[in-house]
Amino acid sequence: MSQITVIYGSTTGTTQSAAMLIAGNLKARCVDIASASAEDFQAPVLILGTSTWGFGELQDDWLAKLPLLESAELSNTKTAFFGFGDQFGFADTFCDGIALLCEAALAKGAVLIGKTSTEGYAHSASRAEKDGEFCGLLLDDSNQPELTENRIKAWTEQLLKEIA
Ligand SMILES: Cc1cc2nc3c(=O)[nH]c(=O)nc-3n(C[C@H](O)[C@H](O)[C@H](O)COP(=O)(O)O)c2cc1C
């Protein structure tokens with residue numbers, strides 16, 4: 001079994017497509033949170049992805065399965081986060097769902113990898129932004145679809161270095 005597991009939640013398929021691309025680049029397992037079990041969280045490296053819904057809420061399947069993350073033992077688990085939002089339509093809650101996953105994982109001892117620069121985004125607030133950086137890869141196919149592929153490529157290269 002691959003040591004890297006990507007677990008994603010996606011309502012209209014955007015985060016799912018990115019999850020598959022990321023998993024392909026990292027030669028990782030790719031699991032829909034809707035069908036995930038506690039064992040899926042037992043990997044040395046976890047990549048967790050979600051879109052943001054409501055106003056700054058987690059994607060529905062993640063919301064239903066959040067107890068799996070909250071009860072996982074993640075000490076020494078290198079963990080990265082990604083997801084989609086809409087920086088103009090939801091400028092004050094841009095990709096907040098990613099931060100919700102990140103906060104839950106850090107509370108369980110996860111070791112954060114995959115932070116990114118906020119350069120190139122026009123949101124006004126995001127819970128995923130801390131000390132001038134994002135806690136993961138924030139993607140926006142509503143406004144910047146042309147940037148998604150390269151952002152994923154650069155991020156997965158960064159992750160491979162941080163995992164090594
Ligand atoms: C009703 C609704 C609420 C949304 N709320 C937010 C939000 O609070 N923050 C954000 O960044 N994006 C928000 N979005 C944008 C979605 O996250 C975005 O469309 C995303 O690409 C959906 O990905 P998925 O198909 O993987 O679920 C919202 C979209 C809709 C339709």
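When a ligand or atom number is given, it counts from 1 through the structure's own listing order.
- A salt bridge links Lys153 with Glu157: the closest approach of a Lys/Arg side-chain nitrogen to an acidic carboxylate oxygen falls below 4.0 angstrom.
- Looking only at protein heavy atoms, the nearest one to atom 19 (O) of ligand 1 is Ser142 OG, 4.2 Å.
- Residue, atom and distance of the protein heavy atom nearest to atom 31 (C) of ligand 1 are Trp53 CZ3, 3.2 Å.
- Counting heavy atoms under 4.0 Å from ligand 1, residue Ser10 touches it through both backbone and side chain.
- A salt bridge links Lys130 to Glu103: at least one charged side-chain nitrogen sits closer than 4.0 Å to a carboxylate oxygen.
- Interface of Gly56 with ligand 1, defined as ligand atoms under 4.0 Å from a residue heavy atom, comprises 7 (C), 8 (O).
- Remark: Arg151 is positioned above the aromatic ring of Tyr121, its terminal NZ or CZ atom under 6.0 angstrom from the ring centre and at most 45 degrees off the axis.
- For the pair Lys65 (side chain) and Ala36 (backbone), a donor-acceptor distance under 3.5 Å is present.
- When the options Leu138, Thr93, Thr11, Asp86 are ranked by their closest heavy atom to atom 9 (N) of ligand 1, first place goes to Thr93.
- The aromatic rings of His123 and Phe94 lie tilted to each other, with the angle between the two planes from 30° to 60°.
- Among protein heavy atoms, atom 25 (O) of ligand 1 sits closest to Thr12 OG1, 2.3 Å.
- Shortest contact from atom 4 (C) of ligand 1 to any protein heavy atom: Phe90 CZ, 3.2 Å.
- By the criterion of side-chain heavy atoms lying less than 4.5 angstrom apart, applied directly or through intervening Ile, Leu, Val, Met, Phe, Trp or Tyr residues, Leu68 is grouped together with Val31 in one hydrophobic cluster.
- Residues Thr14 and Thr148 fail the side-chain proximity criterion, which asks for heavy atoms closer than 4.5 Å.
- In terms of protein heavy-atom proximity, atom 5 (N) of ligand 1 is nearest to Gly54 O, 2.8 Å.
- Close approach of ligand 1 to Cys95 is summarised as follows: ligand atoms under 4.0 Å from at least one heavy atom of the residue are 10 (C), 11 (O).
- Ligand 1 places these atoms under 4.0 Å from at least one heavy atom of Gly13: 25 (O).
- Summary of contacts: the protein heavy atom closest to atom 17 (O) of ligand 1 is Thr52 O, 2.7 Å.
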Before you tell me yes or no, could you show the steps for Ser126 and Leu138 under side-chain contact (heavy atoms from CB on, under 4.5 Å), namely the whole-Å CA-CA distance, both residues' side-chain angles and the distance that decides it to 0.1 Å?
CA-CA 10 Å; Ser126 173; Leu138 279 62; 4.0 Å; yes
